[in-house]
Amino acid sequence: MKKVTILLFVVCFSIQAQHKAKGKTTPFSTHSKTVTVYTSADSTNLRLTKTDELSFRELKQPLETQICVFVNPAKSYQTFLGIGGAVTDASAEVFAKLSPSKQQELLDSYYSRDKGIGYTVLRTNMNSCDFSSDSYTYVNEGDKELNSFSIEHDTKYKIPLLKKAMATIGTNAILYFSPWSPPSFMKDNGEMLHGGKLKPDFRQSWANYYVKYINALQKEGLPVWGLTIQNEPMANQRWESCIFTAEDERDFLKNYLGPTLKKAGYGDKKITVWDHNRDLLVQRVTTILEDQEAYKYVWGIGFHWYETWSGSTPMYENVGKVNAMYPSKNLFFTEGCIEKFDSAKYQLWSNGQRYGKSMINDFNNGTVGWTDWNILLDQNGGPNHVQNFCFAPIHADMNTGELIYTPSYYFIGHFSKFITKGAKRVSSAASRSQLLTTSFKNSDGSMVTVVMNQSNMKISYNLCIGNSATEVIILPNAIQTLVY
């Protein structure tokens, strides 16, 4: 009998060990859990403000008249990578003109989780973009062999800011870059602006350019996590731009860029394709990923939010469709901003709401990371060498030296401050269309639920987990983060 008992004990212990090895965790319990509520609300002074401490009670069956947000921690989806913004030439130039105290304030506001909103992701531009004071490249005109390659241009503004930002973040920092255009001599239109295409006989030279840039950044102590192949490859802009059809991008990746990075020892760098709007997302991804040679080089698919034309709505569902088609590839929001700068609209609440709505929908459709555009611009929405002035979450008034925090900063912060790298998105649904919601379970077991009220009414809702619930009040047009 003792031998049988011991044998059963060993079997049970072995099974438990196997479950642990497979990542099985203890089911989430609301017992003794406190729900801490943080709120930002229009027409109030609430900005990521702690507004409540709540407790769970029993609620077995909600009534149809009760508004609920249902969270199921047992149903998990994609792994969270991080949230951040772009360190462009414009951001770096404005930063350099701030006083040392304001520079530190900006670094803390973005990159400290305790003092700010905990950004971990940085995007930067290889060669100039519209948010540069001038057009530039890292090589002399006509240098196909790239013997003159140097990033000395960036050492005045951009490199110092990248170093300070990454030092503030620490080991979780993720740096990736995007080109807006190859040098003019590599393109069929002979200029960096107004679209044009990469000449076929410069494909290898352009692939080598990425390697040179990675080498240069890493020599500066800036580890590169990844890259996108081309910013907005179907946009013929009045600023730096270059057209890549889906077939062009596929063939450049599989025949040149992918093999070149691998040969240089950079096969671990994460390559993101597309890097443009949600509208053509499905066609682009299908063309590239149905090719097995191209497929093996792709880490993820990047997208922007500028597909929304007058009278249309964002194409969030295209993100979900791609996620369903290619679940092993990562969806990554790589750029978004409020366009058409107007200083009278610094505090326009709907600008922040656009961020909240997009982030909730993008995460719910499988997105792993989210990157805003410029982290900092001046009081004119620049500098920008083609007058394409835009909003940023934080502006600096160069006349007063003060920083201006817009609603977008706080809306982004409701996600970036509380969701940590490695978190798993879990099931989250609202019982009324006025409420948008998404939820994540952090690696330490804590839960984060974001709720956004799209209505002009104050709403009382129940946060429901299994048979437990707590009642929460959300103000009109407000966004909340619930941590428990």
Side-chain angles (χ1 to χ4, degrees), residues 83-95 106 109-110 117 119 121-125 128-133 158 161 165 176-178 180 228 231-232 235 237-241 274-279 302-310 312-316 319 332-362 367 369-396 403-416:
I83 293 171
V87 175
T88 58
D89 292 295
S91 296
E93 288 174 36
V94 174
F95 178 84
L106 184 103
S109 294
Y110 272 126
I117 59 174
Y119 271 14
V121 175
L122 305 101
R123 183 191 189 210
T124 198
N125 50 293
S128 58
C129 64
D130 49 331
F131 279 91
S132 303
S133 291
K158 201 162 56 171
L161 177 52
Y176 72 102
F177 66 86
S178 306
W180 268 244
T228 73
N231 177 74
E232 300 188 346
Q237 307 281 24
R238 67 179 187 272
W239 52 86
E240 288 83 346
S241 44
W274 187 221
D275 198 11
H276 205 166
N277 298 335
R278 302 184 189 97
D279 47 9
F303 62 97
H304 300 181
W305 74 11
Y306 308 111
E307 81 277 358
T308 306
W309 304 100
S310 178
S312 69
T313 57
M315 303 292 290
Y316 301 123
V319 179
F332 194 16
F333 185 92
T334 47
E335 186 185 317
C337 75
I338 306 297
E339 301 173 283
K340 299 179 181 178
F341 177 78
D342 180 352
S343 61
K345 297 180 179 179
Y346 271 138
Q347 301 305 328
L348 187 64
W349 196 250
S350 61
N351 287 350
Q353 289 174 304
R354 182 176 179 185
Y355 277 85
K357 186 174 183 179
S358 180
M359 295 178 81
I360 289 172
N361 279 282
D362 289 336
T367 299
W370 215 91
T371 321
D372 186 36
W373 190 206
N374 304 277
I375 60 167
L376 177 69
L377 294 172
D378 65 19
Q379 72 277 9
N380 301 312
N384 185 296
H385 72 92
V386 289
Q387 289 71 55
N388 178 36
F389 302 120
C390 299
F391 282 94
I394 301 177
H395 285 262
L403 297 178
I404 302 165
Y405 294 79
T406 74
S408 302
Y409 171 83
Y410 299 101
F411 271 80
I412 297 170
H414 274 276
F415 302 83
S416 60

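When reading the values below, keep in mind they use all heavy atoms of this one structure, side chains included, and skip hydrogens, waters and symmetry mates. The first residue of the sequence shown is numbered 1, and numbering continues consecutively from there.
Rounded to the nearest 0.5 Å, atoms OG (Ser109) and CG (Leu403) are 7.0 Å apart. Separating the CG atom in Asn361 from the OG1 atom in Thr313 is a distance of 10.0 Å, to the nearest 0.5 Å. Taken to the nearest 0.5 Å, the CH2 atom of Trp239 stands 8.5 Å off from the CZ atom of Phe131. Distance check: Ser408 OG to Gln353 CD gives 10.0 Å after rounding to the nearest 0.5 Å. Going from atom OG of Ser416 over to atom CE of Met359 covers 6.5 Å, rounded to the nearest 0.5 Å. Of the inter-residue distances, the one linking Asp130 atom CG with Cys390 atom SG reads 7.0 Å to the nearest 0.5 angstrom.
The backbone N or O of Cys337 lies less than 3.5 Å from a partner atom in the side chain of Tyr306, making a donor-acceptor pair. Looking at Thr124, its side chain never comes within 3.5 Å of a backbone N or O of Phe177 through a donor-acceptor pair. A donor-acceptor pair under 3.5 Å is absent between the side-chain atoms of Thr228 and the main chain of Ser178, judged by distance alone. Proximity of a side-chain donor or acceptor of Gln347 to a complementary backbone N or O of Tyr405 within less than 3.5 Å is detected. No donor-acceptor pair closer than 3.5 Å links the side chain of Asn384 to the backbone N or O of Phe389. A donor-acceptor contact shorter than 3.5 Å links the side chain of Lys158 to the backbone of Asn125.
Side chains of Asn231 and Asp275 form a contact here, defined as non-hydrogen atoms less than 4.5 Å apart. In this structure the side chain of Tyr316 never reaches within 4.5 angstrom of the side chain of Trp305, judged on heavy atoms. Put simply, the side chain of His395 reaches to within 4.5 Å of the side chain of Phe341, judged on heavy atoms. Side-chain contact between Ile412 and Tyr119 is present, with heavy atoms from C-beta onward closer than 4.5 Å. The side-chain heavy atoms of Asn277 and Phe303, taken from C-beta on, include no pair separated by under 4.5 Å. Side-chain contact between Arg354 and Ile338 is present, with at least one heavy-atom pair separated by less than 4.5 Å.
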Begin with the C-alpha distance, continue with both residues' side-chain angles, and end with the deciding distance and a verdict on side-chain contact (heavy atoms from CB on, under 4.5 Å) for Tyr110 and Val87.
CA-CA 12 Å; Tyr110 272 126; Val87 175; over 6 Å; no
Apply side-chain contact (heavy atoms from CB on, under 4.5 Å) to Phe391 and Lys345, showing your working. CA-CA 9 Å; Phe391 282 94; Lys345 297 180 179 179; 3.8 Å; yes
Let's go through Phe411 and Asn351 carefully: what are the C-alpha distance in whole Å and the side-chain angles of both, what is the deciding distance for side-chain contact (heavy atoms from CB on, under 4.5 Å) to 0.1 Å, and is it a yes or a no? CA-CA 9 Å; Phe411 271 80; Asn351 287 350; over 6 Å; no
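In terms of the side chain to side chain donor-acceptor pair (under 3.5 Å) criterion, residue partners of Ser132 (sequence neighbours excluded) are, by chain and number, Asp89. Among residues two or more places apart in sequence or in another chain, the salt bridge (charged side-chain N to carboxylate O under 4.0 Å, His left out) test is passed with Glu240 by none.
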Please tabulate, one pair per line, all N/O donor-acceptor pairs under 3.5 Å involving side-chain atoms of residues 370-383, not counting sequence neighbours.
unit_1: Trp370; atom_1: NE1; unit_2: Asp362; atom_2: OD2; d: 3.1
unit_1: Thr371; atom_1: OG1; unit_2: Tyr176; atom_2: OH; d: 2.8
unit_1: Thr371; atom_1: OG1; unit_2: Phe333; atom_2: O; d: 3.1
unit_1: Asp372; atom_1: OD1; unit_2: Tyr355; atom_2: OH; d: 2.6
unit_1: Asn374; atom_1: OD1; unit_2: Thr88; atom_2: OG1; d: 2.6
unit_1: Asp378; atom_1: OD1; unit_2: Asn380; atom_2: N; d: 2.8
unit_1: Asp378; atom_1: OD1; unit_2: Gly381; atom_2: N; d: 3.1
unit_1: Asp378; atom_1: OD1; unit_2: Gly382; atom_2: N; d: 2.9
unit_1: Gln379; atom_1: OE1; unit_2: Met398; atom_2: N; d: 3.0

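Shown here for Ala235 and Ser241, the closest heavy-atom pair between the two residues is O-CB, 3.4 Å. Glu93 and Ser133 make their closest contact through OE1-OG, 2.6 Å (heavy atoms, listed as atom of the first residue, atom of the second, distance). Of all the heavy atoms in Arg238 and Gln387, the pair that sits closest is NH2-O, 3.8 Å. Summarising the geometry of His304 relative to Glu307, their closest heavy-atom pair is O-OE1, 3.5 Å, with the distance given to 0.1 Å. The two atoms that bring Pro407 and Tyr346 nearest to each other are CD-O, 3.3 Å, heavy atoms only.
Side-chain polar atoms of Thr334 and Arg123 form no donor-acceptor pair below 3.5 angstrom.
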